[in-house]
Amino acid sequence: MTLEVGAPPDGASNSLAGRVAAIRDRIAVVARDHGRAPDSVGLLGVTKSQPRDAVVLALEAGLADVGENYVQEARTKYAGLRACKHFIGHVQTNKAKAIVDVFDVVESIDRYEAGRAIGRASRALGKPIRTLVQINISPSERYGIDPSEASELASRLREEEGLDVDGVMAIGPLTRDRDAILRAFERAAGAFERVGGATLSLGMSGDFEEAIACGSTMVRLGTAIFGKRGVVQ
Ligand SMILES: *Cc1c(COP(=O)(O)O)cnc(C)c1O
């Protein structure tokens, strides 16, 4: 069996470890360009629709953080793996216990009911959970609270025992207009300042350089690391 998973983006190294190393180098260069310490930007590997083998390879390549959108998909894929596991999908309150059981960080709290359900599950399972408030900065995005309401939601959630509200997550707009992306990311940075915490989870494969320019402390990369989803060579 070949351990190579996914099709590499054009010109990228053909091995997963090589791609992770090249991305880390690029993150460091962009961070320095904006007067930031290279280690101030973390790398989260988004493993959705990738097989467990790919996750194992990524962890061997030094990745410490991995993320999934669906709890069902993550449950078997992540079982027994030592990593910090991030839930980045929509929180359905009836799945809160399963989410808390599988994951360490829930990045996608976009309404009070979702946070309350995660808090309740956290207390029931005796497992503290780090959370982020997901804000909406893109017309094409379905989920996320309005940035102007983020700090109020964070304050309410901080009254819940077991929920460590550590910052903000956002998905950038689906556009090639770099200025529009930067404007959206500046809004996310503003919300992060008001919410407080240590984590601004911002930037995906197509826009992580703009995200770092705007203060992202964690980029979430899927295709840049693993190649196109659903392509297993
Ligand atoms: C899929 C996904 C990513 C990664 O997207 P890529 O474009 O493959 O890097 C990051 N964040 C969220 C919330 C996602 O759903």
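Counting convention: from 1, in listed order, for ligands and their atoms alike.
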Sorted by first residue and then second, give each side chain to side chain donor-acceptor pair (under 3.5 Å) pair with at least one member in residues 176-194; sequence neighbours left out.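 Passing the test, one end in residues 176-194: Arg178-Glu210.
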Would you list the atom pairs, donor with acceptor, under 3.5 Å between side chains in residues 119-129 and any protein atom, with sequence neighbours excluded?
residue: Ser122; atom: OG; partner: Lys127; partner atom: O; Å: 2.8
residue: Ser122; atom: OG; partner: Gly162; partner atom: O; Å: 3.4
residue: Arg123; atom: NH1; partner: Gly119; partner atom: O; Å: 3.4
residue: Arg123; atom: NH1; partner: Glu160; partner atom: OE1; Å: 3.2
residue: Arg123; atom: NH1; partner: Glu161; partner atom: O; Å: 2.8
residue: Arg123; atom: NH2; partner: Glu160; partner atom: OE1; Å: 3.4
residue: Lys127; atom: NZ; partner: Val100; partner atom: O; Å: 2.9
residue: Lys127; atom: NZ; partner: Asp101; partner atom: O; Å: 3.2
residue: Lys127; atom: NZ; partner: Phe103; partner atom: O; Å: 2.9

With a 4.0 Å cut-off on N to O distance, would you call Glu73 and Lys77 a salt bridge?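 Salt bridge: yes.
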Check this for me, if you would: do Asp104 and Lys85 make a salt bridge, where the nitrogen-to-carboxylate-oxygen distance has to be below 4.0 angstrom?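 Answer for the salt bridge query: no.
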Under the ring pair (Phe, Tyr, Trp, His ring centres under 6.0 Å) definition, can you give me all pairs with a residue in residues 173-217, not counting sequence neighbours?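 Those involving residues 173-217 do not exist here.
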Is the side chain of Asn136 donor-acceptor paired with the backbone N or O of Tyr143 at a distance under 3.5 Å, no angle test?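 Such a contact is found between Asn136 side chain and Tyr143 backbone.
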Pairs under 3.5 Å, nitrogen or oxygen of ligand 1 with protein nitrogen or oxygen:
residue: ligand 1; atom: 8 (O); partner: Thr223; partner atom: N; Å: 2.8
residue: ligand 1; atom: 8 (O); partner: Thr223; partner atom: OG1; Å: 3.2
residue: ligand 1; atom: 8 (O); partner: Arg229; partner atom: NH1; Å: 2.9
residue: ligand 1; atom: 8 (O); partner: Arg229; partner atom: NH2; Å: 3.3
residue: ligand 1; atom: 9 (O); partner: Ser205; partner atom: N; Å: 3.0
residue: ligand 1; atom: 9 (O); partner: Ser205; partner atom: OG; Å: 2.5
residue: ligand 1; atom: 9 (O); partner: Gly222; partner atom: N; Å: 2.8
residue: ligand 1; atom: 11 (N); partner: Arg220; partner atom: NE; Å: 2.8
residue: ligand 1; atom: 15 (O); partner: Lys48; partner atom: NZ; Å: 2.7
residue: ligand 1; atom: 15 (O); partner: Asn69; partner atom: ND2; Å: 2.8

